[in-house]
Each structure stands twice: as C-alpha cells, then as structure tokens.
*Asks:* 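Mind having a look at this structure? Questions to follow.
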Amino acid sequence: MNVMIFLIKRPSFCAALLGLLLSTSTLAGAMEADEASIKRGEYLARVAGCNDCHTAAYPEEAGNIPKSQWLMGVIIGFQGPWGTSYPANLRLYVANMDEQQWLARARLPMLPPMPWFALRDMTDEDLLAIYHFVRSLGPAGEPMPAAGAPDQPVSTPYYEFVPKNLPSHAVTH
Ligand code: HEC
C-alpha cells in the first residue's frame, strides 16, 4: 500500500508518530544533559577535594585510584574536640535520596573536618552534578561508623586532629 495514502487516511496514527518522534528527541536531550551533569560532577569531585577524605588512599596515590573505588568512605576517623567523625560512604548515601533531599541535606552543617560550607555555597546545578556523578558510580562498599561523642571510646583507627603549639591569641574551636 502507498505509505502516503495510509498516513493521510489515519490522522491519529500520524499524531502518534509525531508524538513518538518528539518524545524520543526530548529523551535524547535529557540524556545528554545528564551526561554533561555527570561529567561536571566528576570534575568537581576531583577539584573540590571530595576524594581527599571520602576515597581511601586517594591523597597517598595522588589521585590514581580507579573511579570504581571512589567515594566509598574512609574508616580512619578524625578525632578532635567534636569527637570522632568519619568521611561518609557517599555511594550508599545518595542511593536512597532524591535530588531535593540531597540539596537540602548537603547544605546543613556537618562535623569537622568536612568542609560543609563549600557544599552550602555551591550552586544547585553543581550540587546536583555531584549527586548525578556519585549516583552514576552506583552503590558500593560499607556504611561508615556514626560519629562518636568526644568522650566515647574509639575502636577504629583515627587521626588526631588537634592544633598544637598555638600562639595564645589564636582562634580555636
Ligand atoms: C577534609 C576531609 C573532607 C573533605 C575534603 C570532604 N569531606 Fe565530606 N565529610 C567528611 C567527614 C569527616 C564527614 C562526616 C561529618 C559528620 O559526621 O558530620 C563528611 C560528611 C559528608 C557528608 C554527609 C554525610 C552524612 O552522613 O550526613 C556529605 C554529603 C559529604 N561529606 C560530601 C562531601 C563532598 C561532596 C565533598 C567534596 C566537595 C566532601 N564531602 C569533602 C570529610 C570530608
């Protein structure tokens, strides 16, 4: 059968075809936007230092750690006047969170030495890029221990993060 006659006789089919074409191009656009956001997130994770604390051995290896091992948290705590904190496993952390939950949580205060104010001051677009990137890595690893109070005994390894030899006028927390 002549295709043109078939299409003219069936306007609803034409509308459906048009709808299909439009929705696939919108989908392709959305996927490209996601790709760009994921790339930006990877870049931010590299240069904003997230791996320095949240990826095991990243500083020691000067960043030469396969992406499959990134951001799974580090079991060496940071101990200071605030107690003992552990860089969270971000791969598990974002797995059960939607974008709005991430934007809200990422901007709240966290314990030292997490530079939470860097997240607070990021644009929504950059925060979401990090979120998209971490989610693209997929959930992996184990959850890190909850932070311990200052007087709580610690069974994991930890760094002592205490300023020493301060001049008397120095600002401390
Ligand atoms: C100097 C070390 C350090 C750096 C750099 C760092 N983090 Fe953290 N991060 C931590 C520690 C320690 C915690 C745990 C804080 C707490 O218990 O409140 C944490 C917690 C978090 C949490 C909260 C997890 C939770 O369970 O609530 C998020 C989200 C996070 N970091 C994201 C990032 C991102 C994104 C970057 C890069 C822009 C980054 N961190 C850079 C050390 C760091």
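Counting convention: from 1, in listed order, for ligands and their atoms alike. Throughout, numbering of the chain's residues begins at 1 and tracks the sequence. None of these values were measured; they are calculated from a predicted model. No hydrogens, no waters, no symmetry mates; every other heavy atom, side chains included, goes into these values.
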*Asks:* Return yes when atom CG of Asp98 has more than 12 non-hydrogen atoms of other residues, nucleotides or ligands closer than 6.0 Å, and no otherwise.
*Replies:*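 Yes, because the 6.0 Å sphere around CG of Asp98 holds more than 12 heavy atoms from other groups.
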
*Asks:* Should Asp124 and Arg107 count as an ion pair when the cut-off is N to O under 4.0 Å?
*Replies:*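 Here Asp124 pairs with Arg107 in a salt bridge, since their nearest N and O are under 4.0 Å apart.
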
*Asks:* Does any N or O in the side chain of Arg91 come within less than 3.5 Å of the main-chain N or O of Gly141, such that one atom is a donor and the other an acceptor?
*Replies:* no

*Asks:* Counting from 1, what ligand 1 atoms have a heavy atom of Gly49 closer than 4.0 Å?
*Replies:*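 Those of ligand 1 that fall under 4.0 Å from Gly49 are 5 (C).
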
*Asks:* Counting only heavy atoms from other residues, nucleotides and ligands, does the tally under 6.0 Å from CD of Glu60 exceed 12?
*Replies:* yes

*Asks:* Just heavy atoms, cut-off under 4.0 Å: does Trp102 contact ligand 1 by side chain, backbone, both, or neither?
*Replies:*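 For Trp102, the contact with ligand 1 is made by the side chain alone.
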
*Asks:* Do me a favour and list the nearest non-hydrogen protein atom to atom 26 (O) of ligand 1 with residue, atom name and distance?
*Replies:*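 The answer is Tyr93 CE1, 3.3 Å.
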
*Asks:* Quick one: list whatever passes ring-ring contact (aromatic ring centres under 6.0 Å, His included) with Tyr43, sequence neighbours left out.
*Replies:* none

*Asks:* Please round to the nearest 0.5 Å and tell me the distance separating atom CG of Leu44 and atom CE of Met122.
*Replies:*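 It is 5.5 Å, given to the nearest 0.5 Å.
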
*Asks:* Looking only at protein heavy atoms, which one is nearest to atom 18 (O) of ligand 1, and how far off is it?
*Replies:* Leu111 N, 2.8 Å

*Asks:* Please identify each residue that fulfils ring-ring contact (aromatic ring centres under 6.0 Å, His included) with Phe117, with sequence neighbours left out.
*Replies:* none

*Asks:* Applying ring-ring contact (aromatic ring centres under 6.0 Å, His included), name anything that partners Tyr86, two or more places apart in sequence or on another chain.
*Replies:*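 ring-ring contact (aromatic ring centres under 6.0 Å, His included) list for Tyr86, sorted by chain: empty.
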
*Asks:* Could you pull out the closest heavy-atom pair between Gly77 and Thr84, with the gap in Å?
*Replies:* CA-CG2, 4.0 Å

*Asks:* Do me a favour and list the nearest non-hydrogen protein atom to atom 13 (C) of ligand 1 with residue, atom name and distance?
*Replies:* Tyr86 O, 3.6 Å

*Asks:* So, with waters excluded, how many protein N/O/S atoms does atom 8 (Fe) of ligand 1 have closer than 2.8 Å?
*Replies:*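 With waters ignored, the protein N/O/S count below 2.8 Å is 2.
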
*Asks:* Can you tell which part of Asp52 has a heavy atom less than 4.0 Å from ligand 1: side chain, backbone, both or neither?
*Replies:*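 For Asp52, no heavy atom sits under 4.0 Å from ligand 1.
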
*Asks:* So is Arg105 close enough to ligand 1, meaning a heavy atom under 4.0 angstrom away?
*Replies:* yes

